[in-house]
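Some notes on the structure that comes next.
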Protein chains: 2
Amino acid sequence: MKRILIIEDQAPMRRNLAQLLELEGYAVLSADNGLTGLDLARKERPDVILCDVMMPGLDGHGVIRALREDTATTQIPFIFLTARGDRTDVRTGMNFGADDYLTKPVVRDDLLAAIETRLARAAAVQAASSHGGNFKPDFSSAVPLESVLGLTPREAEVLLWTAQGKSNADIATILGMSEKTVKQHLGSVFQKLGVEGRTAATLRALEILANLPGTH
Amino acid sequence: MKRILIIEDQAPMRRNLAQLLELEGYAVLSADNGLTGLDLARKERPDVILCDVMMPGLDGHGVIRALREDTATTQIPFIFLTARGDRTDVRTGMNFGADDYLTKPVVRDDLLAAIETRLARAAAVQAASSHGGNFKPDFSSAVPLESVLGLTPREAEVLLWTAQGKSNADIATILGMSEKTVKQHLGSVFQKLGVEGRTAATLRALEILANLPGTH
DNA sequence: CCCGCATTCGGACTTTGGTCGGATGGCTTT
DNA sequence: AAAGCCATCCGACCAAAGTCCGAATGCGGG
């Protein structure tokens with residue numbers, strides 16, 4: 001079940017929204033001010049956040065700014081609620097990284113449509129990144145292995161080819177060395193990584209090569 | 001350099017936007033109608049799309065609907081341009097999954113702020129999914145290997161343990177069979193996957209085990 | 001200059017991985 | 001019921017991987 005966080009200082013409006021969403025099958029969390037809302041968002045990581053702009057203390061803009069600064073909450077869809085016709089408010093909110101806004105009084109259909117759209121969008125992004133081609137180790141450079149695992153340049157090169165499924169003989173040809181030397185280097189690698197066998201070493205290498213930033 | 005696609009049927013407005021953005025250091029692509037815009041978006045995968053709503057033929061809503069249906073373009077930030085005060089247009093656009101909107105006439109600062117915000121947001125999402133521990137193969141079940149690679153249950157189990165760096169002897173103990181049998185199954189696996197050696201097979205297995213959806 | 005280190009290679013050996021052929025039992029097809 | 005397919009299993013044999021010696025080269029810093 002999807003979880004929605006409502007941050008709204010006016011009690012009747014807050015209860016209205018909560019009731020409406022609960023009837024639609026959402027799990028609702030509520031906060032009556034920016035600070036406790038921010039706190040709840042960080043702790044609970046809701047699927048969508050609904051937040052009023054005008055609030056005493058920490059207002060909606062402050063809330064989203066704080067959320068967007070934290071990598072843990074930065075991708076949570078954020079919809080804010082604003083008074084009708086206040087164009088500047090809307091723009092500043094969107095420029096802080098909000099995903100949508102709704103003008104008060106909130107119409108039921110608009111609210112539900114906005115929430116569902118943002119949920120669908122978040123799901124699409126997630127699916128694209130976790131399903132599509134997420135596992136793409138970068139075999140273009142041995143440097144990361146060298147620095148992260150504390151290997152020598154040559155050892156790192158040998159491991160790089162090993163992690164691509166090459167045999168010792170192949171690697172010897174590729175790197176222009178004797179097969180004995182390949183074995184020698186691999187032996188050092190095994191020792192430094194504390195593993196036995198090339199497959200275990202490959203796993204360690206892939207952990208690094210597949211988690212590199214900026215490989216797109 | 002970031003690439004921006006402008007879809008706008010009115011030539012003066014289109015040229016204005018293009019010039020402004022080029023001065024800011026963006027690479028600009030232009031289209032004067034929905035269809036060619038859609039085509040360009042699919043081929044070029046720009047970093048941001050700027051699109052007018054009112055256009056003869058395929059309008060802005062049609063464009064975004066088509067883009068959101070295709071997984072390749074679904075996460076491209078989409079900002080649409082609308083005539084002032086047309087609240088319904090804005091809402092339907094947002095409900096199709098647009099990321100922001102701007103009211104015409106477009107103010108320079110609003111435009112740049114909106115673009116930068118969406119770029120930053122896309123970058124944040126990307127960083128979160130491709131940087132933090134992305135490589136987490138799920139070794140809890142052999143079924144995916146079985147179905148995706150067309151292996152028998154036993155073969156899939158053997159491959160599952162092989163991909164975790166276990167030796168044939170270990171696997172024999174774990175699965176309660178002779179080491180010879182482990183070898184036999186692995187041989188079949190190699191043949192079915194068209195690979196030589198356990199490390200190459202491990203890579204193929206990880207491609208599947210690390211890309212499974214819903215492992216969060 | 002000498003020491004440490006990375007890199008290179010060799011021989012001889014043990015262990016592991018991989019292939020080939022053969023056997024069993026369950027299952028469907030004829 | 002017989003024939004065939006397939007998954008599972010195993011033994012013997014050969015090839016590759018990995019280990020334990022030793023040793024040569026070249027490069028940088030105390």
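The sequence lines fix the lettering, A, B, ..., with proteins before strands; numbering per chain opens at 1.
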N/O-N/O pairs, protein side and nucleotides 21-27 of chain C side, under 3.5 Å:
{"from": "C:dG21", "atom 1": "O6", "to": "B:Gln184", "atom 2": "OE1", "distance (Å)": "3.3"}

Does A:Val195 or B:Ser178 map to a spot on DNA chain D nearer the 5' end, using the closest nucleotide for each?
->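 Closer to the 5' end of DNA chain D: B:Ser178.
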Do B:Ile174 and B:Trp161 come within less than 4.5 Å of each other through their side chains, counting heavy atoms only?
->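 A side-chain contact under 4.5 Å exists here.
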Close side-chain approach of B:Asp32 to B:Arg14, heavy-atom, < 4.5 Å =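 Heavy-atom side-chain distance check passes, below 4.5 Å.
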What residues form a side chain to side chain contact (heavy atoms under 4.5 Å, CB included) with A:Leu58, not counting sequence neighbours?
->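 Expected list: A:Leu35, A:Leu38, A:Val63.
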How would you list, by chain and number, every residue that makes a side chain to side chain contact (heavy atoms under 4.5 Å, CB included) with A:Val107, sequence neighbours excluded?
->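 A:Val107 satisfies side chain to side chain contact (heavy atoms under 4.5 Å, CB included) with A:Asp110 only.
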Side-chain ([X]) to main-chain ([Y]) donor-acceptor, under 3.5 angstrom:
X        : Y       : result
B:Asp99  : B:Ile79 : no
B:Arg118 : B:Ile76 : no
B:Asp47  : B:Arg3  : yes
B:Arg121 : A:Thr74 : yes

Can you sort out which residues in residues 158-177 of chain B have a heavy atom within less than 4.0 Å of DNA chain D? Ascending by number, please.
->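 B:Met177 - these, ordered by number, are the residues of the stretch whose heavy atoms sit under 4.0 Å from the strand.
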When Watson-Crick pairs (N1 to N3 and N6-O4 or O6-N4) and G-U wobble pairs (N1-O2 and O6-N3) count only below 3.5 Å on both distances, what is the dot-bracket string of DNA chain C, with | for other-strand pairs?
-> |.||||||||||||||||||||||||||.|
CZ/B:Arg65: more than 12 non-hydrogen atoms of other groups inside 6.0 Å |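 No, not enclosed.
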Rounded distance in Å - [atom1] ([X]) to [atom2] ([N]):
X        : N      : atom1 : atom2 : answer
B:Glu179 : C:dT19 : CD    : C1'   : 14 Å
A:Lys183 : C:dT7  : NZ    : C1'   : 18 Å
B:Glu196 : C:dT19 : CD    : P     : 8 Å

A:Lys180 (side chain) and C:dG10 (base): donor-acceptor pair under 3.5 Å |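 No, the side chain and the base share no sub-3.5 Å donor-acceptor pair.
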Interface residues of residues 147-155 of chain B with DNA chain C (non-hydrogen, below 4.0 angstrom) =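 Contacts with DNA chain C under 4.0 Å: none.
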Chain B on DNA chain D: first and last contacting nucleotide, 5' to 3', under 4.0 Å to a heavy atom?
->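 Reading along DNA chain D, I get D:dA7 to D:dG11.
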Which atom pairs, one a donor and one an acceptor, fall under 3.5 Å between side chains of residues 180-197 of chain B and the rest of the protein, sequence neighbours left out?
{"from": "B:Ser188", "atom 1": "OG", "to": "B:Gln184", "atom 2": "O", "distance (Å)": "3.2"}
{"from": "B:Lys192", "atom 1": "NZ", "to": "B:Glu155", "atom 2": "OE1", "distance (Å)": "2.9"}

How would you list, by chain and number, every residue that makes a side chain to side chain donor-acceptor pair (under 3.5 Å) with [X], sequence neighbours excluded?
X        : answer
B:Asp39  : B:Lys43
A:Glu22  : none
B:Glu179 : none
B:Ser167 : B:Asp170

Evaluate the ring planes of A:His61 and A:Phe96, with Trp represented by its six-membered ring, and classify them as parallel (under 30°), tilted (30 to 60°) or perpendicular (over 60°).
->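 A:His61 vs A:Phe96 ring planes: tilted.
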Have a look at A:Glu157 and say if it touches a base, only the backbone sugar-phosphate, or nothing, with a 4.0 Å heavy-atom cut-off.
->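 A:Glu157: no heavy atom of the nucleic acid under 4.0 Å.
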Hey, which of B:Lys2, B:Arg108, B:Gln19 is the one that makes side-chain hydrogen bond (donor to acceptor under 3.5 Å, both in side chains) with B:Glu24?
->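 When side-chain hydrogen bond (donor to acceptor under 3.5 Å, both in side chains) is applied between B:Glu24 and each of B:Lys2, B:Arg108, B:Gln19, only B:Arg108 qualifies.
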